[in-house]
Amino acid sequence: TPYMRVPPSLLKEKTGRRGKDAWMAVNDKVYNITPYAKFHPGGVPELMRGAGRDGTRLFGEIHPWVNYETMLASCLVGLLVEEPEAGS
Ligand code: HEM
């Protein structure tokens with residue numbers, strides 16, 4: 001696949017703190033939300049509640065109608081995958 005495979009342990013590092021980019025998963029797609037943050041109509045702190053994790057539920061609770069796939073197309077990093085088994 002052309003996409004990077006992102007396990008939860010890697011996603012978890014991308015909190016937006018300590019100079020790192022902020023990544024967020026929505027419906028199994030992982031986005032770099034850093035360049036988008038300043039445009040988020042709900043504000044940066046609200047958006048960052050989903051940083052470094054799977055924000056699918058938060059996103060859906062607040063604005064399920066928002067077309068994030070189009071808005072964040074250029075911010076797509078890869079696909080959220082299961083953590084590889086140790087030793088594999
Ligand atoms: C509002 C986009 C993630 C919280 C909005 C709006 C857009 C948007 C377009 C305006 C919606 C409208 O006026 O109809 C996005 C995108 C996200 C994202 C592309 C994914 C990366 C989140 C997350 C949260 C959040 C994770 C927090 C848990 C809010 C809030 C508002 C908002 C509180 C304001 C709602 C209001 O004005 O009543 N967002 N959002 N968003 N968003 Fe997000």
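This is a predicted model, so every value here is computed, not measured. We count ligands from 1, going down the list as the structure has it; atoms in each ligand are counted the same way. No hydrogens, no waters, no symmetry mates; every other heavy atom, side chains included, goes into these values.
In this structure, Tyr31 does not count as a contact residue of ligand 1, since none of its heavy atoms falls inside 4.0 Å of the ligand. Heavy-atom distances between Leu72 and ligand 1 reach below 4.0 Å in at least one pair.
Here the heavy atom of the protein found nearest to atom 34 (C) of ligand 1 is Gly42 CA, 3.8 Å. Residue, atom and distance of the protein heavy atom nearest to atom 6 (C) of ligand 1 are Pro41 CG, 3.4 Å. Protein heavy atom at the shortest distance from atom 3 (C) of ligand 1 is Leu47 CD1, 3.5 Å. The protein atom (non-hydrogen) at minimum distance from atom 28 (C) of ligand 1 is Ile62 CD1, 3.4 Å.
Less than 4.0 angstrom separates atom 36 (C) of ligand 1 from none of the non-hydrogen atoms of the protein. For atom 39 (N) of ligand 1, a protein heavy-atom neighbour is found at a distance under 4.0 Å.
Considering every non-hydrogen atom in both Gly78 and Tyr3, the closest pair reads CA-CB, 4.0 Å. Across every non-hydrogen atom of Val6 and Val30, the tightest pair is CB-CG2, 3.9 Å. Between Ala37 and Met48, the closest heavy-atom pair is CB-CE, 3.7 Å. Here the shortest heavy-atom pairing between Met24 and Gly50 reads CG-O, 3.1 Å.
Side-chain atoms of Ile33 and Leu47, non-hydrogen and from C-beta on, do get closer than 4.5 Å to each other. Looking only at side-chain heavy atoms (C-beta outward), Val81 and Met4 stay at 4.5 Å or farther from each other. Tyr68 places a side-chain heavy atom less than 4.5 Å from the side chain of Phe59. Residues Lys12 and Trp23 are not in side-chain contact: their nearest non-hydrogen atoms beyond the backbone lie 4.5 Å or more apart.
Residue contacts with ligand 1, taken as heavy atom pairs separated by less than 4.0 Å, involve Met24 solely via side-chain atoms from C-beta onward.
Residue Trp65 places at least one N or O, backbone or side chain, under 3.5 Å from an N or O of ligand 1. Checked by distance only, ligand 1 and His40 come closer than 3.5 Å through their nitrogen or oxygen atoms.
The closest non-hydrogen atom to atom 18 (C) of ligand 1, taken over His63, Glu69, Met71, Glu46, comes from His63. Across the listed options Tyr36, Tyr68, Trp23, Tyr36 owns the non-hydrogen atom lying nearest to atom 2 (C) of ligand 1.
Within 6.0 Å of CD in Glu61 there are more than 12 heavy atoms belonging to other residues, nucleotides or ligands.
Interface of Phe59 with ligand 1, defined as ligand atoms under 4.0 Å from a residue heavy atom, comprises 3 (C), 16 (C), 17 (C), 18 (C), 20 (C).
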